[in-house]
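Input: a single structure, listed below in structure tokens.
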Amino acid sequence: MLNLKLIRDNPTQVQELLNRRSADGYDIQPIVELDLQQRQLETQRSQLSARSNEIGKEIGQKIRNGSDPKGEEILALRESGNQIKAQVAQLEPQERELKAKINELLLQIPNLPHESTPIGQDETENVEVRRWGDEYKTQSEKIRPHWEIGEQLGILEFKRAVKIAQSRFVNLIGAGAALERALINFMLDSQIKAGYTEVMPPVLVNSDSLIGTGQLPKFAEESFKCGDDDLWLIPTAEVSLTNLYRSEVVTDSQLPIYHCAYTPCFRREAGSYGKDTRGLIRLHQFNKVELVKLVSPDTSEAEHESLVQNAEAILQALKLPYRVIELCTGDLGFGAAKCYDLEVWLPSSSTYREISSCSNFLDFQARRANIRFKETGKKGTQYVHTLNGSGLAIGRTMAAILENYQLPNGTVEVPEVLQPYLKREVL
RNA sequence: GGAGAGGUGGCGGAGUGGUCGAUCGCGCUCGACUUGAAAUCGAGUGUACCGAGAGGUACCGUGGGUUCGAAUCCCACCCUCUCCGCCA
């Protein structure tokens with residue numbers, strides 16, 4: 001969430017930055033007005049409370065000095081205390097309501113795009129930063145999509161998954177399941193080597209966690225909710241990992257904190273009917289290795305670049321052609337100030353498809369989740385900066401491997417780095 | 001799910017209606033002593049919000065309530081621990 005003081009002090013700049021996201025945009029004016037009202041109320045109420053506290057102390061002192069607790073003097077003081085209390089009781093709910101309303105509005109406002117984020121309307125104005133691995137693109141004439149390859153090899157099974165669940169689910173069979181596991185282990189091993197501490201977190205989380213990372217309140221329809229409990233299936237391990245430190249104050253010596261996790265991810269994909277209906281690209285349940293960093297604000301830009309490199313390293317090790325895209329302001333996710341997408345080459349459709357999204361949230365999530373750090377020797381606390389990225393989405397990686405490593409005879413070569421994990425060279 | 005115990009500042013731990021934002025110990029910071037360190041001694045040391053400032057308000061698991069006044073009394077909820085039950 002945005003800093004209320006920043007909105008208060010620089011409403012025009014904040015509004016201008018929000019407008020970069022979209023023209024119909026977000027209006028901060030209501031917040032500015034409510035904030036003004038709330039502060040006036042707060043001043044008024046706290047002055048009354050101060051007076052009331054004084055009266056309370058006076059009564060206590062008089063009784064200790066021998067005044068009759070039932071005497072006229074004390075009764076008069078109590079009466080005036082009661083009057084003030086009645087006034088406070090009137091103001092309090094108004095103030096609480098205003099605060100709640102402000103908070104509600106703040107939770108709906110997306111992050112301000114970073115100054116360096118390219119300005120644009122939608123994904124067509126995203127900027128390609130670099131490309132890697134053109135030399136690995138297959139020259140073969142006969143390219144089949146990954147779901148055909150997978151079904152023919154008997155390692156992907158969509159029909160029965162639909163039976164036991166619904167559409168957009170898959171069974172991985174035999175070598176398919178083994179390949180999935182190999183990818184998970186390879187990715188985790190690589191990221192652990194890069195300095196991330198592995199976590200196996202809950203994949204069910206409460207509402208506060210989803211608010212902390214920004215999925216709630218705006219995107220409730222994107223996640224699966226458990227009926228009887230305040231628990232949701234995570235759409236990404238970002239939620240679990242970032243919320244590990246919710247409402248905590250860490251010391252600056254603990255920073256930077258790097259975590260990686262393999263988890264299944266669950267997404268309702270509401271509103272994407274008809275999109276990517278075949279294959280592994282858009283499922284309700286998919287596996288992912290996620291990277292999360294909590295860092296000191298002055299390092300977050302450099303940390304962002306190195307996070308992207310950690311994700312890229314996986315694609316490079318797998319020799320999968322990809323490109324790095326910097327999202328423009330109009331395509332930026334809700335909480336991100338700056339975001340790079342990694343897109344892997346899928347030869348069957350001759351397109352690059354997103355396989356990792358690496359975002360810098362600055363203090364946006366830290367404010368929502370109240371994650372702070374204390375600098376030794378300094379008074380007070382500061383919000384950390386949070387970053388995350390996929391390292392990588394497993395299902396899409398499998399799709400890319402099946403397509404990029406397919407052989408004319410219908411089999412699939414196993415990428416060299418996976419061979420020790422999979423203990424075979426061909427699928 | 002049942003029974004019991006408990007949740008206080010970075011940690012430990014006091015505090016059962018007023019002088020408590022909270023004794024004390026540890027830790028930490030600064031200073032003194034010391035060639036240096038340890039030990040010792042002295043001072044300081046929570047967070048958030050409002051206010052130009054002086055200052056004020058709020059916070060003792062969370063939310064309500066009683067009272068002029070609540071860490072302390074009442075109610076509900078959450079969490080932790082022990083025992084029992086169930087269970088991958």
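Chain A is the first sequence line, chain B the second, and so forth, proteins listed ahead of strands; every chain is numbered from 1.
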Can you measure [X] atom [atom1] to [N] atom [atom2] for me and round it to whole angstrom units?
X	N	atom1	atom2	value
A/Leu77	B/U67	CG	P	18 Å
A/Leu48	B/A58	CG	P	12 Å
A/Arg246	B/U62	CZ	C1'	13 Å
A/Lys374	B/U45	NZ	P	12 Å
A/Arg45	B/U57	CZ	P	10 Å
A/Glu54	B/U57	CD	C1'	13 Å
A/Lys70	B/U67	NZ	P	14 Å
A/Leu41	B/U57	CG	P	17 Å

Going by atom types only, do [X] and [Y] share a side-chain donor-acceptor pair under 3.5 Å?
X	Y	value
A/Gln15	A/Asn19	yes
A/Asn126	A/Asp331	yes
A/Lys338	A/Ser359	no
A/Tyr196	A/Asn310	yes
A/Tyr322	A/Gln316	yes
A/Gln382	A/Glu375	yes
A/Arg168	A/Gln285	no
A/Glu303	A/Tyr258	yes

Exercise. Using modelled atom types only, decide if a donor and an acceptor are shared between the side chain of A/Arg21 and the backbone of A/Gly330 within a distance under 3.5 Å.
Key: no
Quiz item: Near RNA chain B, under 4.0 Å by heavy atom, which residues of residues 80-95 of chain A?
Solution: A/Asn82, A/Lys85
Quiz item: According to the Watson-Crick and G-U wobble definition with distances under 3.5 Å, which dot-bracket string, read 5' to 3', encodes RNA chain B, using [ ] for crossing pairs and | for pairs with another strand?
Solution: ((((((((.[[[..)..(.....]]]((((((.......))))))(((((....))))).[[[[[..)....]]]]])))))))....
Practice problem: Evaluate the criterion side-chain contact (heavy atoms from CB on, under 4.5 Å) for residue pair A/Asp35 and A/Arg39; output intermediate values, then yes/no. | Solution: CA-CA 6 Å; A/Asp35 172 54; A/Arg39 274 151 56 222; 3.0 Å; yes
Expected list for residues 242-250 of chain A: side-chain donor-acceptor pairs under 3.5 angstrom, two or more places apart:
from	atom 1	to	atom 2	distance (Å)
A/Thr242	OG1	A/Glu238	O	2.8
A/Asn243	OD1	A/Arg246	NH1	3.2
A/Asn243	ND2	A/Ser209	O	2.8
A/Asn243	ND2	A/Val239	O	2.8
A/Tyr245	OH	A/His259	NE2	2.8
A/Arg246	NH1	A/Ser209	OG	2.7

Determine the Euclidean distance between corresponding [atom1] atoms of [M] and [N]; express it in Å to zero decimal places.
N	M	atom1	answer
B/C59	B/G53	C1'	25 Å
B/G12	B/G7	P	12 Å
B/G44	B/C83	C1'	47 Å
B/C60	B/C11	P	16 Å
B/U82	B/U29	P	36 Å
B/G17	B/G13	C1'	22 Å
B/A54	B/U72	P	32 Å
B/G56	B/G63	C1'	25 Å

Quiz item: OP1 or OP2 of B/A58 sitting under 4.0 Å from any side-chain N/O of A/Asn53?
Solution: yes
Quiz item: Looking at A/Arg144, A/Glu403, A/Glu148, which hits side chain to side chain donor-acceptor pair (under 3.5 Å) with A/Ser348?
Solution: A/Glu403
Sort me out a list of protein N/O and nucleotides 48-52 of chain B N/O pairs below 3.5 Å, or just none if empty.
from	atom 1	to	atom 2	distance (Å)
B/A48	OP1	A/Thr381	OG1	2.7
B/C49	O2'	A/Glu42	OE1	3.3
B/C49	O2'	A/Glu42	OE2	2.9
B/C50	OP1	A/Arg8	NH1	3.1
B/C50	OP1	A/Arg8	NH2	2.9
B/C50	O4'	A/Glu42	OE2	3.1
B/C50	O2'	A/Thr43	OG1	3.0
B/G51	OP1	A/Arg39	NE	3.2
B/G51	OP1	A/Arg39	NH2	3.3

All N/O pairs under 3.5 Å across the protein-nucleotides 15-23 of chain B interface:
from	atom 1	to	atom 2	distance (Å)
B/G18	O2'	A/Arg64	NH2	3.0
B/G18	N2	A/Gly56	O	2.7

Exercise. Could you please spell out the steps behind the side-chain contact (heavy atoms from CB on, under 4.5 Å) verdict for A/Lys288 and A/Phe286?
Key: CA-CA 7 Å; A/Lys288 181 157 61 70; A/Phe286 63 97; 3.9 Å; yes
Quiz item: Does the ring centre of A/Phe364 sit less than 6.0 Å away from the ring centre of A/His385?
Solution: no
Can you give me every donor-acceptor pair (side chain of residues 75-86 of chain A, partner residue at least two apart or in another chain, under 3.5 Å) with its distance?
from	atom 1	to	atom 2	distance (Å)
A/Glu79	OE2	A/Gln83	NE2	3.4
A/Ser80	OG	A/Leu77	O	2.8

Exercise. Starting from the 5' end of RNA chain B, give me the residue, A/Arg96 or A/Arg51, whose nearest nucleotide shows up first.
Key: A/Arg51
